[in-house]
Amino acid sequence: MAKPVLAIVGRPNVGKSTIFNRIVGERVSIVEDKPGVTRDRIYSSADWLNHEFHIIDTGGIEINDEPLMAQMRYQAELAIDEADVICFIVNGREGITAADEEVAQILFRSKKPIVLGVNKMDDPSMHHRLYEFYSLGIGEPFPISGSHGIGLGDFLDEAAKHFPIDEGDIYDEDTIRISLIGRPNVGKSSLVNALLGEERVIVSDIPGTTRDAIDTPFTKDDQDYVVIDTAGMRKKGKVYESTEKYSVLRSLRAIERSDVVLMVLNAEEGIIEQDKKIAGYAHEAGRAVVIVVNKWDAIEKDDKTMQEFEQKIRDHFLFLDYAPIVFLSAKTKRRIQNLLPEVNEVSENHNMRVQTHVLNDIIVDAVTMNPTPTDHGGRRLRISYGTQVAVAPPTFVLFVNDPELLHFSYRRYLENKIRATFNFKGTPIRILARKKN
Ligand code: GDP
Ligand code: GDP
């Protein structure tokens, strides 16, 4: 399901990132101790009352060496292209500047809903300064204070009024939604073409119908799939599209819309930090993952090359130890036929349900072999029982005496025991602890 997207636009120093952080809050990830996973705070999911949405701080996406006004224009264009609602932030203490006026013009022409936030209104005595902002011509100015957290409620209420009505997912529940992520030029488009060119693949001629996405539905052996559009696969030639952060942002959105993520690497190049960052997001988002090493035709190989490359991947993507790796060539189509069977398998595992009694047998055995940890005061973790509460990804809740006592290493141990019994290849699994009443 595509969540609405809200973008924050405004000059430097008006308080965009302060507001972003306020709205996002300290979202505690349910997946702990993720090595190598750091996230730029330009994109996050958030919720307000009953609304879940994505939020982008366009100020975090800078185009090198461009003057302020050009930067602002790119950020405004990006917001127009990516967002459902634009939050335009100005500084109430400084009044309207020429840059504010120019941005207002650009936004206004787009016909996207705009909500105007007048920031740094830290106390009501300043509210008389609001009136001048009516002259921007984009409607009612909302007084807010990002640093004090004032007025954001009314501001978000107004933004939420413009969220598109959720029409539900346009794809059938059984359709496997695939996204391809990876740097430019690793061969994502070639890979999609190779997949679609496979024997018995029937490409549906229904064009992508979601918001701005260009999705490609196809069918093979009675299984429906859809390739979710990703940055780099669609080259529109906007200036901001060449920035790394923008391509990360597009990837994050594609990941969120998919069931199975193909993390595409280039055999000729190896792995860089950005690959890890995006892969880390796929893991955190709980998607099934297949690592694809493309351009396998282009490198010199001996009988150890594949093993060595695999080891390199494992070293870099510690948190993706469950993801299978497929070596192939989109160009020569060698081994391309291995990809969809792998996708099917990880998708099945992603949706697997295990029986409660089997799960509890595993837990009892695991605890017998390796007793639960104690804290400094000698209190021992006691697991009463466990149960699976969700699929995609499989999520288990353990009812325990004190959730704090379930440490990372013991959780990891239990995860390995569960994985040793069930085929969870390709899918993250989550283990949560709840206090037993
Ligand atoms: P950005 O460049 O638009 O992302 O702005 P920042 O969020 O980095 O904020 C710029 C400066 O304004 C920082 O020093 C903030 O602490 C300050 N600031 C942000 N919001 C408020 C506010 O509501 N009131 C006041 N007085 N200062 C604020
Ligand atoms: P994208 O930016 O990730 O979508 O990458 P493209 O699909 O546009 O491919 C980038 C370049 O790599 C193109 O010149 C392709 O012809 C080339 N390429 C893609 N796949 C392969 C492959 O398997 N082997 C070789 N040797 N080149 C490939």
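When a ligand or atom number is given, it counts from 1 through the structure's own listing order.
Polar contact check, Pro12 against ligand 1: no nitrogen or oxygen pair lies under 3.5 Å apart. Below 3.5 Å of separation, one finds an N or O of Gly187 facing an N or O of ligand 2. No N or O atom of Thr332 sits closer than 3.5 Å to an N or O atom of ligand 2. At least one N/O-N/O distance between Lys16 and ligand 1 falls below 3.5 Å. In terms of polar-atom proximity, Gly15 is counted as a contact of ligand 1, with an N or O under 3.5 Å from an N or O of the ligand.
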Checklist entry - Which is it for Glu82 and Arg253 under the salt bridge (charged side-chain N to carboxylate O under 4.0 Å, His left out) test, yes or no, and what are the steps along the way? => result CA-CA 10 Å; Glu82 297 288 329; Arg253 289 187 56 197; 2.6 Å; yes
Checklist entry - Could you walk me through whether Lys277 and Glu273 pass the salt bridge (charged side-chain N to carboxylate O under 4.0 Å, His left out) check? => result CA-CA 6 Å; Lys277 206 186 279 182; Glu273 206 47 43; over 6 Å; no
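Atoms of ligand 2 lying under 4.0 Å from any heavy atom of Lys188, numbered from 1 in the order shown and given with element: 1 (P), 3 (O), 4 (O), 5 (O), 7 (O). Near Ser145, with a cut-off below 4.0 Å to any heavy atom, the atoms of ligand 1 are 22 (C), 23 (O). Of all atoms in ligand 1, listed by their number and element, those nearer than 4.0 Å to a heavy atom of Arg11 are 3 (O). Close approach to Arg183 involves these atoms of ligand 2, each under 4.0 Å from a residue heavy atom: 3 (O).
Residue Glu268 places every heavy atom at 4.0 Å or more from ligand 2. Not a single heavy atom of Gly59 sits less than 4.0 Å from an atom of ligand 1. Heavy-atom distances between Met121 and ligand 1 stay at or above 4.0 Å for every pair.
Contact annotation for atom 21 (C) of ligand 1: protein present (non-hydrogen atoms, distance under 4.0 Å).
In this structure, NE2 on His316 lies 10.0 Å from CD1 on Ile272, to the nearest 0.5 angstrom.
Distance alone, capped at 3.5 Å, is enough to place a donor-acceptor pair between the Gln75 side chain and the Ile61 backbone. One N or O on the side chain of Arg287 and one on the backbone of Ser258 form a donor-acceptor pair closer than 3.5 Å. Using modelled atom types, one side-chain atom of Lys112 and one backbone atom of Ile80 make a donor-acceptor pair closer than 3.5 Å.
Between the choices Ser190, Ala298, Ala330, Ser329, the shortest heavy-atom distance to atom 19 (C) of ligand 2 belongs to Ser190.
When only non-hydrogen protein atoms are considered, atom 17 (C) of ligand 1 lies nearest to Lys120 NZ, 3.8 Å. In this structure, atom 23 (O) of ligand 1 lies nearest to the protein heavy atom Gly146 N, 2.9 Å. Of the protein's heavy atoms, Thr18 OG1, 4.8 Å lies nearest to atom 13 (C) of ligand 1. The nearest protein atom to atom 8 (O) of ligand 1, hydrogens excluded, is given as Ser17 OG, 3.3 Å; this is a heavy-atom distance.
Of the heavy atoms in Asn119, only side-chain atoms (C-beta onward) come closer than 4.0 Å to ligand 1. Heavy atoms from both the backbone and the side chain of Val186 come within less than 4.0 Å of ligand 2. In Asp122, the part holding a heavy atom less than 4.0 Å from any atom of ligand 1 is the side chain. Both the backbone and the side chain of Asn185 come within contact range of ligand 2, each with a heavy atom under 4.0 Å. Within the 4.0 Å heavy-atom criterion, the part of Pro184 lying near ligand 2 is the backbone and not the side chain.
Within 6.0 Å of OH on Tyr322 lie more than 12 heavy atoms contributed by other residues, nucleotides or ligands. Counting non-hydrogen atoms of other residues, nucleotides and ligands closer than 6.0 Å to CZ of Arg314 gives a total above 12.
Between the side chains of Glu348 and Asn423, no donor-acceptor pair is found at a separation under 3.5 Å. With 3.5 Å as the limit, one finds no donor-acceptor pair spanning the side chains of Asp259 and Tyr225. With hydrogens and angles left out, the side-chain atoms of Asp302 and Thr305 include a donor and acceptor closer than 3.5 Å. Checked by atom type, the side-chain pair Asp215/Tyr171 shows a donor-acceptor distance below 3.5 Å.
Applying the ring-ring contact (aromatic ring centres under 6.0 Å, His included) test to every pair with at least one member in residues 80-100, sequence neighbours left out, gives no pairs at all.
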